[in-house]
Structures are given as C-alpha cells and as structure tokens.
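Report on the following structure.
In what follows, every chain begins at residue 1, and chains take the letters A, B, ... in the order their sequences are listed. Not measured: the values here are computed from a predicted model.
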Amino acid sequence: MSLSTVLTWIVVLAVFLITIKPIGQYMAKVFTYQPTFLDRPFGWLENGIFRVIGVSRESDMTAKQYGIAFVGTNLVWVLLAYFLLRIQNILPFNPQHMSGLNPLLAFNTAASFTTNTNWQAYSGENTMSYFSQFGVLSYLQFVTPAAGGAVGIAVVRALSGRKLGNFFVDLTLVCTRLLLPLAIVVTLILVGQGVPETLGAYFQAHTLGGQTQLIPRGPIASWEAIEHLGQNGGGFTNANSANPLENPSAFSNIIETISMGLLPIGFFYFFGVMTGRRKLAWTLTAVAGSLFMIMLALAYFPEVAGNPIVNSLGLATHGNMVGKELRFGMGGTSIFETATMAFTTGSVASAHDSFLPLSSLSFFIGMFLNMVFGGKGVGFLNMIMFVIITIFLMGLMVGRTPEFLGKKIETKEVTLASIAFLIHPLLILVGTAIAIHSPAGLKGVYNGGPQGLGEILYGFTSAAANNGSAFGGLGAALPFYEIALGIVVIIGRYASVMAMLLLGQSLLKKKTVPETSGTMHTDTPLFAGILFGAIIILNALTFFPIMALGPLAEQYLMLAHHLF
Amino acid sequence: MINLWRSLRFTVVFAVLLGLVYPLFVMGIGNVLFPFQAQGSMVKVNGTVVGSELIAQATTAPGLFHPRPSAVHYAGNNSGGSNLGPTNPALITEVKGNLQQVLSQNPGVTAAQVPPDMVESSASGLDPNISIADAELQIPRIAKATGLSNGQLQNMITENETGRLFGIWGVSMVNVMQLNEMILQFQGKQVVNVG
C-alpha cells in the first residue's frame, strides 16, 4: 500500500470526521428554525418562496399528508421532465441541435432522475441539449435529493418527539441552506481545476494528428457540484466523473469524493442532536464507518494486485489500469468508488465493469446494504430500519419487549421495518431472475460468464438502491431495461420511504416508557457489534447465493486463468 | 389537492432559482476568475484550435508523444471505456495488441519495461496524461523523428511533470498535449492557450 494512498484516504476520512459534528449541529439549527449565519443571504428569499407556495414554518403535516405531498411533488417532476425531454429540440439552449428523446428513454430518464437514481441509458454529450442538462436534469439533481432529505428530516423529528413539520418548508430549506451554498463553492473550485462552465457550443478542434475532434463543453461544473453534493451521480458525459472534463485532477477527484459524503454523514449526527442521543449517533456512525472501511479495502487491494491473466504477459508492474484514469492514482480511484457506492451517488471515476471480481463485491455490498451512510436522509432511514429489526431480534433472544428511544417496538413497527427491508432484495432478485429468463434481458449482456450475470444483477441492484452506476457493458438502452429499471427505481424509492415515514409517525404517537434496569441500551459497543452482525447476516442470507454465482465464482475461475 | 398546487408553485419557483439563476451566476463568476478553464482549456497552434489540454487525441506521428490507448478512438463527444471484464478474452487480445504496437513503434523496448497504463485503455478513452515511465519509453522514437536529443526530451518531461499535489494526491505523470506543445514550439510553431 503506497504512502500516497494512505495519505489520500486519511485526508478524506479526516475531513468526514471533522465535519460530522458541525454539519449535524448546523442542520439541527436549520430544521428547528433557529438563526444561523445564512439567514442574511437566504432568509428574505425563503420568506418570499414560502409566501408564493402558501406555507409557513408552523404549518405541520401528518405522516400521510407529508407522504402525499412528497409523492405528489415527485409526480409533478416526473411528468414535467418527461415532457421537456421529449420536446428539447424546440426548446432554447440547444447549440448541438439534439433531437427530442423517444418515449421509452424519456420515461426511463425522467423516472431515474426524479427518484434520485440517475441511471443513464444514454450518453449525455450526444443526447441532451444544454437546456435539458441544466434546466431539467441538473434542476432535478437539486430537488430530488432535497425531497429524500426532507423525509429523513421528518422521521428524525418524529423520533425526537417533535411534530413532523411541513414538506415544502423542509424541501426549500434543504435547497437554500444546504445544497445551494455548498454547490456554489464546489462549482468554483471545480472550474479552477479545469471543469468547463460555459454556454459555448461543442468545439471542433483540428488535432495535431490532422484529424478533427469534437470537444463537448457546457455548464459542466455547476452540474458536477450538485451531482455529488446531492448523491445524484448522473454524468454530464457518458464516462461521468472519469471524463477529464468532469473530473480533471487528483484534487477535483478528492473534492467530489468529499462532496458526496458531507451531508449523509452529517445527517447521522443531526439525528443525535435532535434526539439528544449523541452517543447513539456515534454508535451508528461507527457501524456505518466500519462497513465503509471494509468496502474501501475491498475496492483497493485486488486492483493493486492486478488481473493474474494480464500479469502473465510480463509487464513492468502489476495493477489493473483497465478502465482507470491515471491522474487519480489507485488510492484516489478506490476512495471515490467506495464513496459513490456507500453514499448511493452512482457517479463513477472509472469503469466498474472492468474491475476485478473481489472489487466489484465491494460495489455490490454498498448497494445491497444501502445504509453505509447512504443518500442523505434516505440512507439514515435504512440504518434505522436495521436498528429496529436488530432490537426486535435481541428482544426475542432475551425475552423482553424491545424498546427504541424510550418507545416500545411492537407488531406495527416491526412489520413496517420488515416491509422496508424485504422490498429491496425482492426487486433485485426477482428483476434479475426475469431478465436472465428472457431473451430480451439476455440481449443486453456484454461480457460472458459470471461477469455477464453480474451486469444484469448490477443493473437491478443499482436501480433498486437508487444508486445509478452501472456495469457499463450492459445494454441499458434496450426497451426491456428502459422499462424494467424505470419501474424498479420508482418502487425502490417510494415504497421503503413511505414505510419508514409511517413507522416514524407510529413511534411518535406512543407513550414514552421510563428507562429501567431491564432496558436494552442501543448506544453501547455491544449493541454496535450486534447491529453490525445482524446487518451482515441478514444480507448474507439474502444475497450470498447470487454473489457465489457472480463475483465469487469469477474470482476462482480468474485465478485458474479461465476465459469466457 | 391544495398541496398539488403548492408542488406546482414550488417547481416553478425553484426551476428559475436552481435551473437558471444558479448556473448563470456561477458561470459568470467562473468565467471571470478562470477564463481559460471555464472555456475548456483549449490550445491554439499557429492560430488554429488543436484541442483541449484535458482531452487526449489520436497522435500517431512518430515525432509526437502518444497518449494511452482509447476504447472510443479518442472521440471527444463519446467518452467511455472498453467495459471488458477481467475474464473476457477480448480484454487479453486488446492488451496484447496494444503491447505489440508499443513494441513495434518503439524498437528496443521490451515488455518488461512497459507499464500497464501504457497498454490498458482508460475509463474515459480520453485520459490526457501518461506515466513518466510511459513517456520515457517514447524518447528514442521521438528523438529519431524530430532531431531533438534524448536529453532535451528528458528535460521536457521533467519540466512538465505533474508531481503529487501537496505531495499527497495522485501520481507523477505528464500531460501529453503539453509535451507536444513543447515539441511544436521547438519546431518554431506558435502555441497559445485560448482564454
């Protein structure tokens, strides 16, 4: 392990560790409507917005109202996005004269961007007009993570014994107090590093080799900033953050990596401040953090060792550089990819399909668990879901009524948490099974053998987890995948979020039971260990068989120099 | 129903704020602070724009430095990798083919000297940088074709080397376009960055 890698990792992890507390405290202030330093630049704007929308900070909603407002707003976005993408050819800011999208691609893209998945069945640089890029898709990359974050905030309010709040107020504040200020700063850093930010058309260059080369430009930096701060992950171009125009240097790579993690990690501490249980927040952070470190190691060491089949060609050094950019280094690449899978961003700084089997295992783990911090708010809800299930299992083992935050966990909560847990593997495994049993699904496979199975599985997992990255070989532009994955992203997004919102409300309505000597504590290392174990066991029981057929089988066959 | 109207109003207000005001605002500041970068880091030679320092291009002339192999033939508007999996025979064929090309273009170089990044295609297909080892293996070929001495070329590499940022991040490498700009300048051509 090189010193550069160690230092790169330490810098990123240290930034996360240093910022978790201030960000969590700041969020708690914002979402309990206390004054902060951003009141001056944004307060007047928010008041105007609230007046136009017709809400106030005091207009609370019930879980049902909150949920309906959430889904209804998403519906508006998906329809509007579909419509605008279809007619982008007659809209302004289209210097490359891109034509309108066909119905299936427009559906798939609108569904995927509205659900904060940002799965892309198209190449941005030769499909989308500038208007579609910044007016439609970049806009959705602001508001859809804000919507997910708002639901997370509402549940945290419920868990802390407060009223849920108002969806539109939360949505506005996530945009103006978290995403927008950070996005402005990050955009300017990225432009300084070389990311274009212009309305100028693509440039026809006459190359040194005497050919012509069309160089895409556009408002890329402003896109890139929100793509990562919102854990969106949709690329401006096909190669996403591997494209030097989106991620030109080792420094921009680190900035984008950090941008992904700031808010999801801070959200854990926000919960601690809101509920007054900071120790519990640290406990949950430690569990997610150790899973992050496992993923990071898995994404790094196999790549440095290299592909044994290629190594046998006798090159100067080992190390898998297929589908990797030189400027990030192995350390920078591995931490970017771990972050993108842990925080369900789904942008990529390298080609995941060309990673070695054990490294792709790391990517699958991130998407299966979907709570290694996860997307801001939503990832935290998944963590709470595992906490509820773990507490229930512990209660069964010792024969006590399980409690969480002083509330009894009963049939309703366990049912809702179980529904939220089971939807995920259901979508992934059933979707994959249908795909491998249908000629239409198999048509999309690019690589042979276990890697081909992995491509299909990755597609459905990425859609269900609202991640959006892909094993790029998969023919995502086929009608089968445009429709199937479009449906999976929608169910994956809304079903579990609604279940968790109802769970929050159900806990809020319960009476607090006083702590006794028999209360099981959730903020101890013991609980952290049990939670960690429960997460691993539950997911291994669900996903080990398919992993054995995919990456694990391929690992052993690769060691035997078997080709497909 | 009233909330549906609120959704619509929210959507319109924020479409203006985030879809229009935000990108145009940062575009304005970005272009004032970093005019060269904001416009795509374009380079002009003798008055013609020859490309971007960020985007690799196909240079096959023996007298220029060559970039890493590209799975998309250096198509600037079609970035991407090969997406070949680790056990795909096409991957092994591709790497072997690239290796053969390097060995035949650079006589005297052996496989054991070639770093993997020189024969394995990148994720974007547009990787603008090469490793120092890659660049140094190309020196004899370029010297022969241009009349520059090995020492002069070695100096160009050292001069253009991007070390680790703050001594921490990334790898030591060199930008192919910047190297080739120097070769062209040496041959008397005028090179300017487009601001």
Closest heavy-atom pair and its distance - [X], [Y]:
X: A:T207; Y: B:Q57; result: CB-OE1, 3.0 Å
X: B:L18; Y: A:Y139; result: CB-CD1, 4.1 Å
X: A:Q211; Y: B:A58; result: OE1-CB, 3.5 Å
X: B:G19; Y: A:F134; result: O-CD1, 2.9 Å
X: A:R217; Y: B:M42; result: CD-CE, 3.6 Å
X: A:G194; Y: B:S41; result: O-OG, 4.3 Å

Working for side chain to side chain contact (heavy atoms under 4.5 Å, CB included), residues A:F471 and B:N83: CA-CA 7 Å; A:F471 270 181; B:N83 284 317; over 6 Å; no

[X] [atom1] to [Y] [atom2] distance, which is reported to the nearest 0.5 Å:
X: A:H206; Y: B:K44; atom1: NE2; atom2: NZ; answer: 12.0 Å
X: A:I68; Y: B:L4; atom1: CD1; atom2: CG; answer: 11.0 Å
X: A:L171; Y: B:R6; atom1: CG; atom2: CZ; answer: 13.0 Å
X: A:L188; Y: B:F34; atom1: CG; atom2: CZ; answer: 7.0 Å
X: B:L24; Y: A:E197; atom1: CG; atom2: CD; answer: 8.5 Å

Where on [X] is there a heavy atom nearer than 4.5 Å to chain B: the side chain, the backbone, both, or neither?
X: A:N320; value: both
X: A:F131; value: neither
X: A:F251; value: both
X: A:V52; value: both
X: A:H562; value: backbone
X: A:I184; value: both
X: A:H352; value: neither
X: A:M61; value: side chain
X: A:N307; value: side chain
X: A:T172; value: both
X: A:V136; value: neither
X: A:L199; value: both

Who among [options] has the most heavy-atom pairs with chain B under 4.5 Å?
options: A:Q141, A:Q451, A:Q213, A:H561; value: A:Q213
options: A:N238, A:I226, A:L45, A:N240; value: A:N238
options: A:G54, A:G329, A:G449; value: A:G54
options: A:V348, A:L563, A:V310, A:L3; value: A:L563
options: A:A205, A:A239, A:G135; value: A:A239
options: A:G192, A:P216, A:P450, A:A225; value: A:G192

Close side-chain approach of [X] and [Y], heavy atoms under 4.5 Å:
X: A:F168; Y: B:S7; answer: yes
X: A:S354; Y: B:P86; answer: no
X: A:L326; Y: B:S131; answer: yes
X: B:L64; Y: A:L208; answer: yes
X: A:F167; Y: B:F10; answer: no
X: A:F564; Y: B:N88; answer: no
X: A:Q193; Y: B:Q37; answer: no
X: B:L17; Y: A:F142; answer: no

Polar side chain donor-acceptor pair, A:E554 to B:T87, under 3.5 angstrom: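 Present: a donor and an acceptor within the cut-off.
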
Distance-only side-chain donor-acceptor flag, A:N126 / B:N77, under 3.5 Å: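 No pair is found: no donor N or O on one side chain lies under 3.5 Å from an acceptor on the other.
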
If you tally heavy-atom pairs under 4.5 Å against chain A, which of [options] wins?
options: B:L84, B:I130, B:V95; result: B:L84
options: B:A112, B:G51, B:G30; result: B:A112
options: B:G81, B:A75, B:A111; result: B:A111
options: B:L54, B:I92, B:V171; result: B:L54
options: B:S172, B:S121, B:A61, B:A133; result: B:S121
options: B:L20, B:L33, B:N129; result: B:N129

Worked verdict on B:L99 versus A:L315 for side chain to side chain contact (heavy atoms under 4.5 Å, CB included): CA-CA 9 Å; B:L99 181 60; A:L315 299 175; 3.8 Å; yes

Can you tell which part of [X] gets under 4.5 Å to a heavy atom of chain A, answering side chain, backbone, both or neither?
X: B:Q113; result: backbone
X: B:M118; result: neither
X: B:V13; result: side chain
X: B:A15; result: both
X: B:T60; result: neither
X: B:V72; result: neither
X: B:Y74; result: both
X: B:A56; result: backbone

Salt-bridge contact A:R327-B:D127 (side-chain N to carboxylate O under 4.0 Å):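 Between B:D127 and A:R327 there is a salt bridge, with a charged N closer than 4.0 Å to a carboxylate O.
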
Test item: B:N3 side-chain N/O and A:T73 main-chain N/O as donor-acceptor pair under 3.5 Å: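 Not confirmed, B:N3 side chain does not pair with A:T73 backbone.
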
Sidechain-backbone polar pair: A:N243 side chain, B:S124 backbone, donor-acceptor under 3.5 Å: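 Checking the backbone N and O of B:S124 against the side chain of A:N243, no donor-acceptor pair under 3.5 Å is found.
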
Residues B:Y22, A:T187; criterion side-chain hydrogen bond (donor to acceptor under 3.5 Å, both in side chains); working and verdict: CA-CA 10 Å; B:Y22 157 71; A:T187 302; 3.0 Å; yes

